Amino acid sequence: MRLLGFMYRSYTIPPAGTPLGYHETLPVTAMDLNLTPQEQQFRDEVRAWFTANVPKDWPQMRTNPNVQERFRYLREWQKKAFAGKWVGIHWPKEYGGRGASTMEQVIFIEEMARAEAPPFANTLGLGLIGPTIIAFGNDAQKSRYLSKILSGEEIWCQGFSEPNAGSDLAALRTEGRLDGDHFVVNGQKVWNSYGWAADWCELVVRTDPQSEKHKGLTVLLVDMKSPGVDVRPLKQITGESEFNEIFFRDVRVPVENVVGKVGEGWSVAIGTLMHERGTFGAGLQVSYRRSLNRLIELSHQVERNGAPASQDPVLRQKLAQSYIEIELMRLNQMRAFSRISHSGVPGAEGSIQKIWWSELNQRFQQVAQEVLGPYGLLESGAEDAFDGGLWAYGYLRTRGNTIEAGTSEIQRNIIGERVLGLPKSY
Amino acid sequence: MQFGLSESQNILKTNARKFFAAECPMTEVRRLMEEGDGYHAGLWSKMAEQGYLGVIFPEEYGGLGLGMVELAVLLEEMGTALAPGPYFSSVILAGTLLEAAGSDGVKKRYLKPLCEGKLRATAALLEGAANWTFDAVKMQVTGDLLSGTKMFVTDAAAADFIIVPAMRDGELTLWIVNAKASGLAITPMPALDLTRKLYKLTFDCVEASDLLASGAAARGALERMADIGAMALSAETTGGMQRVMDIAVAYVKTRKQFGKPVGIYQAVQHQCADMLVFTESSRSASYYAAYALQESTADAQAAVSVAKAYTSDAGREVGNRGIQVHGGMGFTWENDVHLYYRRAKANEIALGDATYHRERIARLVVDRASRPAQA
């Protein structure tokens with residue numbers, strides 16, 4: 001406590017601008033970016049499991065244009081991981097998880113990325129819908145749905161956005177009309193990832209037709225095999241169809257499938273969206289670093305002005321800038337995770353992370369195009385493409401990054417209002 | 001794994017904030033800026049009492065023996081306050097050179113009084129070519145007599161002694177020169193940063209007081225100083241960014257146009273949100289650079305350059321936005337934002353700008369990678 005020797009006590013803080021308080025990190029015992037012995041042990045255990053179990057043929061399957069075949073493969077992989085109790089580790093123990101801490105989740109996600117493991121098939125079920133059912137569902141719902149989410153036996157999608165309710169989600173109009181012991185659902189949802197593969201859907205509907213905005217909404221769990229559900233693929237800018245539109249025509253949903261209370265669906269939906277940020281970026285940081293390392297490798301091979309591109313002074317600047325941005329993504333995340341593991345709640349830093357990874361990825365893909373020149377244009381199927389055409393694909397795919405999971409504009413609104421305390425603009 | 005300030009680091013930070021807010025409010029910063037060399041004896045001795053002048057130096061030489069993260073948080077608060085005085089020159093430049101290269105006798109004679117606030121110093125790094133790499137030193141020493149010109153030297157008028165790199169028989173050497181030595185002329189170079197002044201030093205057969213180091217030891221000390229200095233500037237710029245953002249956000253909440261506070265408009269909100277992203281990322285980068293230097297991690301050099309390159313750009317960008325959202329008020333002398341904007345620009349240039357540090361990263365990261373196996 002040598003420090004106390006010069007503690008400054010004689011003054012009070014004078015008013016200086018607006019106290020934001022955001023950067024006040026919660027005190028930790030000591031700044032230490034190494035893993036604790038326990039964390040190390042967990043890391044070793046996770047690493048050993050991935051080393052022994054990651055399927056060797058994933059690099060080929062990854063670019064398989066047959067999405068059904070690829071999805072079956074991911075389902076099998078999830079089943080294998082489920083058998084080892086490595087799916088949904090952040091879920092509480094009583095629901096089949098491991099009750100993993102924030103840091104353990106981060107380690108797990110990073111190791112998964114480091115091992116170049118395939119993702120689990122039931123991405124939304126594990127990350128968003130399962131935790132929502134745990135938080136808001138009743139006991140019958142928990143025992144009916146949770147273990148099948150973990151095993152991948154039932155795949156889930158989300159029915160939130162509509163053609164006229166995107167960023168302004170509370171404007172949604174899909175109706176749920178009570179008819180005896182059922183809700184009858186009519187309307188259209190859009191941008192549904194995995195809609196074509198899903199067995200179930202977490203659906204937000206308006207159950208009070210007189211209501212406006214956040215009131216009168218209800219969350220329903222809808223069996224996608226119900227009569228009147230029509231899933232249509234949306235062909236994307238990349239040519240593939242990750243997303244769908246879902247049409248509901250007189251779809252009957254039993255009242256016991258309401259999550260939370262009728263008319264209080266907004267708080268359930270917001271609870272789900274909160275899970276959308278959090279530890280999600282941990283794996284991205286690892287895969288971005290790997291992509292940058294790969295691009296640096298290729299920069300020694302592709303030439304520019306008679307010398308390897310790696311020697312071009314302008315491209316060197318751009319590669320170094322990508323290194324800086326990816327490194328800052330890692331550091332910002334570490335600070336955020338440290339905060340969350342002390343405070344227990346993900347805060348508005350989620351918006352900073354979202355802006356950061358999405359915009360950096362777009363800039364990085366542009367740097368890749370500049371380094372690779374015409375090779376960057378080659379798509380999957382071109383014999384001479386690097387990495388199965390991933391660079392051309394990545395260039396287009398990243399345009400979606402600043403739109404999905406809350407646009408950059410919405411994230412900046414959130415920072416303005418919730419962190420900086422600016423008046424709400426809408 | 002924990003990436004955040006410890007309780008004692010938070011206490012240091014809070015106390016430093018209180019200290020500078022009370023001891024040198026902006027009225028005092030402006031007064032010192034307009035009068036002379038920016039050094040104020042009263043403030044300096046109070047900073048010595050707090051231990052700030054020797055924060056990272058060993059206790060046996062009058063320091064506190066704390067680490068780089070403590071230095072970073074202190075610099076952050078000094079950046080927020082735009083604290084006047086030769087702290088960067090005396091403690092960061094001269095102090096780290098003395099600590100890295102000085103003998104026990106030299107440390108007792110120079111570093112100890114520096115920590116105690118009895119002596120102040122600077123380092124004369126640049127010459128006419130304005131090259132930050134240490135291969136560029138041209139000044140010659142014959143015996144112990146220095147002749148030539150050093151430029152862009154910070155706070156030289158407030159210094160009691162100056163550390164001078166020079167070449168002796170083709171070898172890099174570091175000399176301690178009394179600022180009052182005969183044959184040494186110190187002339188101001190009026191420049192953009194009004195709160196950290198620059199000087200030109202002309203040496204005409206100036207007798208050095210002591211040889212600090214030569215050869216590899218001199219080079220090693222300069223490189224260590226440059227890394228700690230770049231980290232310190234990054235932290236200081238981060239503190240300035242925080243203040244500019246605070247001032248700007250407070251302003252847009254009260255300034256009304258079209259009947260509403262301008263902060264309600266998304267065009268303004270998004271500028272402010274960007275300021276937060278820049279500031280928080282700069283803070284992450286600076287703290288990590290400090291941690292990496294403290295722990296001598298394998299990526300310490302890259303970590304320093306990441307911080308310096310990023311904060312060099314981000315500090316300027318926050319200033320640009322801070323001025324813009326003020327409208328006409330942002331363009332006035334009376335608004336404090338321009339004082340921070342000036343410091344951010346000077347910090348951007350000092351010890352290498354973003355381009356310089358990106359090239360350093362390229363050497364560390366791009367050149368060390370090899371061609372792909374299948375090529």
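For the numbers below, each heavy atom of this structure counts, side chains included, while hydrogens, waters and symmetry mates do not. All values derive from a computational prediction rather than experimental measurement.
- Annotation: side-chain contact (heavy atoms from CB on, under 4.5 Å) contacts of A:Val286 (sequence neighbours excluded): A:Glu110, A:Ala113, A:Arg114.
- No side-chain heavy atom of A:Leu328 sits less than 4.5 Å from a side-chain heavy atom of B:Tyr288.
- No side-chain heavy atom of A:Asp32 sits less than 4.5 Å from a side-chain heavy atom of B:Met1.
- Of the residues considered (A:Glu417, A:Glu409, A:Lys424), A:Glu409 shows the highest number of contacts with chain B, using heavy-atom pairs under 4.5 Å.
- In this structure, A:Arg412 CZ and B:Asp274 CG are separated by 4.0 Å, a value rounded to the nearest 0.5 Å.
- Using a 4.5 Å cut-off between heavy atoms, B:Arg360 makes no contact with chain A at all.
- To the nearest 0.5 Å, atom NE2 of residue B:His270 and atom CD1 of residue A:Ile355 are 8.0 Å apart.
- Using a 4.5 Å cut-off between heavy atoms, A:Met103 contacts chain B through its side chain alone, with no backbone atom that close.
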Margin query: Evaluate A:His300 against B:Val366 for side-chain contact (heavy atoms from CB on, under 4.5 Å), listing each step before the verdict.
Written below: CA-CA 9 Å; A:His300 289 267; B:Val366 177; 4.1 Å; yes
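- Using a 4.5 Å cut-off between heavy atoms, B:Val365 contacts chain A through both its backbone and its side chain.
- Contact count against chain A (heavy-atom pairs under 4.5 Å) is highest for B:Ser284 among B:Ser282, B:Ala273, B:Ser284.
- Listed by sequence position, A:Arg316, A:Gln317, A:Leu319, A:Ala320, A:Gln321, A:Tyr323, A:Ile324 are the residues of residues 312-325 of chain A in contact with chain B, using a 4.5 angstrom heavy-atom cutoff.
- Side-chain contact between A:Leu420 and B:Lys253: absent, with no pair of heavy atoms (C-beta onward) separated by less than 4.5 Å.
- Among the candidates B:Ser281, B:Ala292, B:Ala285, B:Ala362, the residue making the largest number of heavy-atom pairs closer than 4.5 Å to chain A is B:Ser281.
- Of the atoms belonging to A:Gln40, not a single heavy atom falls under 4.5 Å from chain B.
- Counted within 6.0 Å of OH on A:Tyr375, heavy atoms from surrounding residues, nucleotides or ligands total 12 or fewer; the atom is thus considered open.
- Interface residue B:Thr355: backbone and side-chain heavy atoms are both found under 4.5 Å from chain A.
- Contact annotation for residues 301-311 of chain B against chain A (heavy-atom separation below 4.5 Å, listed by residue number): B:Ala302, B:Val306, B:Ala309, B:Tyr310.
- Within residues 254-269 of chain B, the residues that have a heavy atom under 4.5 Å from a heavy atom of chain A are B:Pro261, B:Gly263, B:Ile264, B:Gln266, B:Gln269, listed by number.
- A heavy-atom distance below 4.5 Å is found between the side chains of B:Arg283 and A:Arg335.
- To the nearest 0.5 Å, atoms OH (B:Tyr291) and CE (A:Met334) are separated by 8.5 Å.
- Ranked by heavy-atom pairs under 4.5 Å with chain B, the list A:Leu292, A:Ile415, A:Asn413, A:Leu35 is led by A:Asn413.
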